[in-house]
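Since the structure comes first, as C-alpha cells, the remarks are kept for the end.
All heavy atoms count here, side chains included; hydrogens, waters and symmetry mates do not. Below, chains carry the letters A, B, ... as their sequence lines are ordered, and counting in each starts from 1.
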Protein chains: 2
Amino acid sequence: MSARTPEAEPLLTPAEVATMFRVDPSTVTRWAKAGKLTSIRTLGGHRRYRETEVRALLAGIPQQRSE
Amino acid sequence: MSARTPEAEPLLTPAEVATMFRVDPSTVTRWAKAGKLTSIRTLGGHRRYRETEVRALLAGIPQQRSE
DNA sequence: GAATAATCGGGTAATTTGGGGG
DNA sequence: ACTGTCCAAATTACCCGATTAT
C-alpha cells in the first residue's frame, strides 16, 4: 500500500441513491438533470452522488443551491 | 544540512483513483487504455496516475488532449 | 526468500445513459 | 408536475489465473 492516502469524499452510485429514496434510478437521474442533486461524472459519463448531500436531503435538511 | 528532495510528482495507484471516482479499479485501467487518463508504468508494467490530473478530472475541468 | 495484497490481462454479466411515451 | 417503464447503445462490475509490489 502506498504511504499516503488522498482524501476522497464518499460517493454513491445511482442505484444506491435510488434504494435510499425508494425510487427508480431514472428518477435520481432526473433530479440530477434538474439540478436538485449535485452529480459528479465518471470519465465514461456515469453519474456519482455526494453521500453527505444525499444523507442531508434524506434527513429533510433544505439544501442551498447556488444559481 | 538536510538532504535534497528529488523532484517527484505525486502519483496514485489504480485502487486510489478507483476509490476517488467510486468505480472499480479495472475501470480506471480502461480509461488509461482509452487515453482518457495519463498513465505511467512501473518497471513491472503496473500503472500509476498523476494526482493533479485525477483531481482536475474529478472537479470537472476538461483537460487538453496531447495528440 | 517467503507471504500477502494489488494489478495485470481477458471475457462475460449488470448497470447506466439518453430519448421517447404512458 | 412527477414518476415508472421500454428500448438500444455505451459503460461499468465481477469473474478468473498469472504476474508484480511491498
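- Side chains of B:Phe21 and B:Leu58 form a contact here, defined as non-hydrogen atoms less than 4.5 Å apart.
- The CG-P distance, from A:Leu12 to D:dT12, rounds to 17 Å in whole Å.
- Between B:Pro14 and B:Val28 the shortest heavy-atom distance is O-CG2, 4.1 Å.
- Taking atom NE2 of residue A:His46 and atom P of nucleotide C:dA14, one finds them 16 Å apart after rounding to whole Å.
- Comparing D:dT12, D:dC2, C:dT7 by their nearest atom to the side chain of B:Trp31 picks out D:dT12.
- The environment of A:Arg55 atom CZ is sparse: at most 12 non-hydrogen atoms of other residues, nucleotides or ligands sit within 6.0 angstrom.
- Backbone-only contact: B:Arg47 has heavy atoms under 4.0 Å from sugar-phosphate atoms and none from a base.
- B:Thr29 comes within contact range of the sugar-phosphate backbone alone, with a heavy-atom separation under 4.0 Å but no base atom that close.
- Taking atom CZ of residue B:Arg30 and atom C1' of nucleotide D:dA10, one finds them 11 Å apart after rounding to whole Å.
- Using a 4.0 Å heavy-atom cutoff across all strands shown, A:Thr42 reaches sugar-phosphate atoms only and no base atom.
- In this structure, A:Asp24 places its CG atom 14 Å from C1' of D:dC7, rounding to the nearest Å.
- The shortest distance between the side-chain N/O atoms of B:Thr27 and the OP1/OP2 oxygens of D:dA13 is below 4.0 Å.
- With respect to B:Arg22 and A:Glu16, a salt bridge is recorded, a charged nitrogen being found less than 4.0 Å from a carboxylate O.
- With the nearest nucleotide of DNA chain D identified for both A:Gly44 and A:Pro25, A:Pro25 has the one nearer the 5' end.
- Here C:dT15 presents its C1' atom at 19 Å from CZ of B:Phe21, a figure rounded to the nearest Å.
- One interatomic measurement links the two molecules: CZ of A:Arg48 to C1' of C:dT17, which rounds to 12 Å at whole-angstrom precision.
- What separates CD of A:Glu16 from P of D:dT12 is a distance of 16 Å, to the nearest Å.
- Separating the CD1 atom of B:Ile40 from the P atom of C:dC8 is a distance of 13 Å, rounded to the nearest angstrom.
- Ion pairing of B:Glu53 with B:Lys36 is absent here, as no side-chain N (NZ or NE/NH1/NH2) approaches a carboxylate O to less than 4.0 Å.
- Nearest nucleotide to the side chain of B:Arg41, out of C:dC8, D:dT22, D:dT5: C:dC8.
- Taking the side chain of B:Ala15 as heavy atoms from C-beta on, and the options D:dT12, C:dT7, C:dT15, the nearest nucleotide is C:dT7.
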